[in-house]
Each structure stands twice: as structure tokens, then as C-alpha cells.
Protein chains: 2
Amino acid sequence: MTKKPLPHNHGQNIERQLDHMPETAEFQAVSDVFRQLGDGSRIKIFWLLCHCEECVINISALMEMSSPAVSHHLRQLKAAGLIVSRRDGKEVYYKAADTKEAQLLHHMIEELVAITCPAL
Amino acid sequence: MTKKPLPHNHGQNIERQLDHMPETAEFQAVSDVFRQLGDGSRIKIFWLLCHCEECVINISALMEMSSPAVSHHLRQLKAAGLIVSRRDGKEVYYKAADTKEAQLLHHMIEELVAITCPAL
DNA sequence: AATACAATTAAACGATTGCTTAATTGTTAA
DNA sequence: TTAACAATTAAGCAATCGTTTAATTGTATT
């Protein structure tokens, strides 16, 4: 397999530097995860569900958002595998998924809050 | 300061669980960072610039994208403080910013690649 | 069965996003 | 001062996104 040379050669041995670069599909998969948390409402919902298990009405109250809007976000987070749900009577309870991925993202959020908002 | 009670009380002492919840503005700031990496092209560019310093033409070649499209992404990443640039003659070189935030995100990407694509 | 409540879904909308093509700016070399 | 190359900017466009309102589904109670 031959690699196409770059238009400019600055003599940096780029092939070694970019060795084991992930496939484009892998970058896409990771960006799909990041995009889930790329919305202020959704990242707050995810954080909430990392700290408690709650029904949609209470999540809506905590978020000060309509329940259809919250439901919409919950569906996306669930499709992404970041949260899980269970029905108990009339109510559906949501919480963060018990996965490496969800734990990593939760930890990441806490770290970024500390870094990007040092004054608070 | 009084906190408004939730519509439903499931007896979980939610006030304690949600203690030191970040402000809405902090969630917004963190989600702004995540959104930068919520695009397959941009996350790949950022990864590249974590591993080498390159000019726009070479980034375009590596990405197989037009230079205006790449320039557009570079501007966003730079505005977010994730990359820096320097001009040398006719060319502008970009690389990842030397900040805690950028390092954390780079590390995070590598971890997520390993988690979400275990077979590769 | 009928009612009430919780949650989801559907349709519609304004706003944002990522890319394309074309024009423009910045720098170097002839 | 041209000419050529690198990079950015601008305008336009289809596609996606987040929310709202209204209708629908699911469950429990009377």
C-alpha cells in the first residue's frame, strides 16, 4: 500500500507522527458521542441523570423545560446509549447508563467545568 | 433562599444528590467545547493537530477536503481556543493549543476511540 | 367503561450548521 | 510591478437541530 505524498514537504516525517491514526469511521463514531453533549440542555440532563434517577416530569421541572422537549432529548441520549430507562406505573424513570463510556463522559464534564469556569 | 419542590416526591432526598450542580451557564460553556468535537471532520482535524503542526494545504490533503472548508473548521477550533496558528512566509501553520483543556480532550478522544471501536 | 395523569410522537417553525463556488487578502519570487 | 501561490472571507444552499403546540399512547384509578 502506497501513501500519497502531501503537497508540501516540510521535512517532519509526518508518516511516523500520524501512525495509527484512527479510521474516518472511528472519528465519526466518537464525534457522534460528543455531539450528544454539544447542547446545553442535553449535557445538563445527562449530568442530572448521573446524579439521580428521575421521572420525566421532575426532569422537566429541574430543567424548566416542557416535557415534550425533555422527552426529545431523552430519546437521543438513550439512542446514544448514554442513559437507560424503566417504567414504574405511570412514570418512566431515567438514569445514566452504567457503562465505561458514560462514566468517562461524566468525569470529563466535571473536569471541564472545573477548567473552563475556574472562578466558580 | 428557598428551592421549589418537584412535582413528584419519590423520597430520594434530591437536594443532597444535586448539591453543587453547576450553573446553567457553566453547562453551556462545557457544551460549547463538546460541540466543537461533535463533527467528524473537526474532530479528525483536531486529532491531526495534536500529532503534528501543518499548513492548510497539507491539512486539506490529509482530510481530502477543500481548503475553504478546512479553513472554516480551523477558524472555529481556533476561536474555541483548541488550536493555535503561526504564519511562516506564505503558509499558516496550525497545531493543538498547549492547554489543559486541549490535552484533556485529546486524551478523551483516544480513550473513546478505544471504547467505541473495540474491534479495531 | 370513563377519567385523569405521565409520557411520547407528529407536524411545523425558525435558527444553526457544513459545504460549495467565487471573490479577496496576504506573502513571496520573478 | 507582475505573477503565482497560500489562505481567508463572503454569499448561497441544503440539511440538521431544538423547540413549540397539538394529538396520541400507555397506565392506573374510580
Side-chain angles (χ1 to χ4, degrees), chain A residues 5-10 24 27-28 30-46 48-49 53-80 82-95, chain B residues 5-10 24 27-28 30-46 48-49 53-80 82-95:
Chain A
L6 294 179
H8 289 194
N9 185 339
H10 310 300
T24 295
F27 281 121
Q28 191 59 52
V30 175
S31 72
D32 287 343
V33 175
F34 276 113
R35 188 162 56 252
Q36 285 303 313
L37 304 180
D39 175 79
S41 299
R42 220 152 41 227
I43 201 172
K44 184 171 176 180
I45 291 174
F46 178 71
L48 283 173
L49 298 178
E53 182 185 47
E54 269 298 354
C55 64
V56 178
I57 282 201
N58 278 357
I59 299 171
S60 299
L62 289 164
M63 293 294 300
E64 302 183 41
M65 282 178 80
S66 72
S67 50
V70 167
S71 218
H72 184 69
H73 287 306
L74 291 172
R75 193 153 73 106
Q76 292 186 68
L77 289 168
K78 190 177 179 183
L82 298 182
I83 64 175
V84 295
S85 66
R86 70 178 171 88
R87 180 179 275 275
D88 181 9
K90 282 188 285 191
E91 291 154 25
V92 176
Y93 290 86
Y94 285 88
K95 67 174 178 181
Chain B
L6 294 179
H8 289 194
N9 184 339
H10 311 299
T24 294
F27 281 121
Q28 191 59 53
V30 175
S31 72
D32 287 342
V33 175
F34 276 114
R35 190 163 52 253
Q36 284 303 313
L37 303 180
D39 175 80
S41 299
R42 217 149 45 226
I43 201 173
K44 184 172 176 181
I45 291 174
F46 178 70
L48 282 174
L49 299 178
E53 182 184 47
E54 269 299 352
C55 64
V56 177
I57 281 200
N58 279 357
I59 299 171
S60 299
L62 289 165
M63 293 295 299
E64 303 182 41
M65 283 178 79
S66 72
S67 51
V70 167
S71 218
H72 184 68
H73 288 306
L74 291 171
R75 193 153 72 105
Q76 291 185 68
L77 289 168
K78 190 176 179 183
L82 299 181
I83 63 174
V84 295
S85 67
R86 69 180 171 87
R87 181 177 274 275
D88 181 9
K90 281 189 284 192
E91 290 151 27
V92 176
Y93 290 85
Y94 286 87
K95 67 173 178 181

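Letters A, B, ... are given to chains in the order of the sequence lines, protein chains preceding strands, and every chain is numbered from 1.
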Return yes if some donor-acceptor pair links the side-chain N/O of [X] with the main-chain N/O of [Y] below 3.5 Å, else return no.
X     : Y     : value
B:R87 : B:G89 : yes
B:R42 : B:Q36 : yes
A:N58 : B:H8  : yes

Exercise. Just wondering, do A:I59 and A:L49 contact through their side chains at under 4.5 Å, heavy atoms?
Worked result: yes
Exercise. If we only count heavy atoms from C-beta on, is the B:K44 to A:T24 side-chain gap below 4.5 Å?
Worked result: yes
Tell me the interatomic distance from [X], atom [atom1], to [N], atom [atom2], rounded to whole angstroms.
X     : N      : atom1 : atom2 : value
A:N9  : D:dA6  : CG    : P     : 14 Å
A:Q28 : D:dT16 : CD    : P     : 12 Å
B:E54 : D:dA6  : CD    : C1'   : 14 Å
B:L74 : D:dT9  : CG    : C1'   : 14 Å
A:N58 : C:dA7  : CG    : C1'   : 13 Å
B:R35 : C:dA15 : CZ    : C1'   : 12 Å
B:R86 : D:dA7  : CZ    : P     : 12 Å
B:D32 : D:dC17 : CG    : P     : 17 Å

If you look at every heavy atom in [X] and [Y], which pair is closest and at what distance?
X     : Y     : value
A:S31 : B:G40 : OG-N, 3.4 Å
B:F46 : B:I83 : CD1-CG2, 4.1 Å
B:S41 : B:M63 : O-CE, 3.4 Å

Hey, does the side chain of [X] come within less than 4.0 Å of [N]'s phosphate (OP1/OP2), counting only N and O?
X     : N      : value
A:S41 : D:dT19 : yes
B:H8  : C:dA6  : yes
B:R75 : D:dT9  : yes
A:Y94 : C:dA6  : no
B:Q76 : C:dT17 : no
A:R42 : D:dG18 : yes

For this session: Take the C1' atoms of the five end pairs on each side of the helix from C:dA1-D:dT30 to C:dA30-D:dT1, get both axes, and report the angle to 10 degrees.
Result: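 Axis angle across the helix from C:dA1-D:dT30 to C:dA30-D:dT1, nearest 10°: 10°.
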From [options], nucleotide with atom closest to [X] side chain:
X     : options               : result
A:I57 : C:dA6, D:dA7, D:dG18  : C:dA6
B:H73 : D:dT8, C:dG18, C:dA7  : C:dG18
B:E91 : D:dT9, D:dA7, C:dT21  : D:dA7
B:P68 : C:dA6, C:dG18, C:dT21 : C:dT21
B:K90 : C:dC19, D:dG26, D:dC5 : D:dC5
B:S66 : C:dA6, C:dT20, C:dA7  : C:dT20

Exercise. If you pin B:G38 and A:V70 to their nearest nucleotides in DNA chain C, which one's is more 5'?
Worked result: A:V70
For this session: Assign B:Y93 to base, sugar-phosphate, or nothing according to its heavy-atom contacts below 4.0 angstrom with the strands shown.
Result: nothing
